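Being a predicted model, the structure only gives us computed values, none of them experimental. Sequential numbering from 1 along the given sequence is applied to the chain's residues.
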Amino acid sequence: MPKQTYYNLSDEKKERIRKATYEIFINTNYEDVHIREIARKSDISIGSFYQYFYDKEDLYLHFFTEVEMKYMMKQKE
């Protein structure tokens, strides 16, 4: 789970992180993804990344859990 500081971000900033995360993980093997790339594409510093997430796995699990939950909600409609 992300750190509380992530949940305190503006929706716009969280959306930037989501879009960058999606693009990177869809187009790159997990092992080849680097925090530096995530931070650059999200327009945040590496230090900020670590204020929001513990590590790459934390971001990955949070993001794809969020995607899965949205998918499941749409299936119920």
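Taking hydrophobic clusters as Ile, Leu, Val, Met, Phe, Trp and Tyr residues chained together by side-chain heavy-atom distances below 4.5 Å, Tyr54 does not share a cluster with Tyr30. Hydrophobic clustering keeps Met69 apart from Tyr6 (ILVMFWY residues linked when any side-chain heavy atoms are closer than 4.5 Å, directly or through intermediates). Val67 and Met72 end up in different hydrophobic clusters when Ile, Leu, Val, Met, Phe, Trp and Tyr side chains are linked at under 4.5 Å. Under the 4.5 Å side-chain heavy-atom criterion for Ile, Leu, Val, Met, Phe, Trp and Tyr, Leu59 and Tyr22 are members of the same hydrophobic cluster. Residues Ile35 and Ile24 share a hydrophobic cluster, clusters being chains of Ile/Leu/Val/Met/Phe/Trp/Tyr side chains in contact below 4.5 Å.
Pairs of residues two or more places apart, or lying in two chains, that qualify as salt bridge (Lys or Arg N to Asp or Glu O under 4.0 Å) and include a residue from residues 41-58 are Glu23-Lys41.
You'll find the side chain of Leu61 stays beyond 4.5 Å of the side chain of Met1, heavy atoms only. Counting heavy atoms from C-beta outward, His34 and Ile38 have side chains that stay 4.5 Å or more apart. Thr21 places none of its side-chain heavy atoms less than 4.5 Å from the side chain of Tyr60.
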Exercise. Could you go step by step and tell me if Ile44 and Arg16 meet the side-chain contact (heavy atoms from CB on, under 4.5 Å) rule?
Worked result: CA-CA 9 Å; Ile44 60 173; Arg16 268 197 341 250; 4.2 Å; yes
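Here the closest non-hydrogen pair linking Phe63 and Arg18 is CE1-O, 3.5 Å.
Scanning for side chain to side chain contact (heavy atoms under 4.5 Å, CB included) contacts around Thr5 gives Lys3, Gln51, Tyr52, with sequence neighbours left out.
Expressed to the nearest 0.5 Å, how far CD1 of Ile46 lies from CD of Glu37 amounts to 11.5 Å. Rounded to the nearest 0.5 Å, atoms CD (Glu15) and OG (Ser42) are 11.0 Å apart.
Between Phe53 and His62, the angle of the ring planes lies from 30° to 60°, which puts this pair in the tilted group.
Asp11 CG: 12 or fewer foreign heavy atoms inside a 6.0 Å radius.
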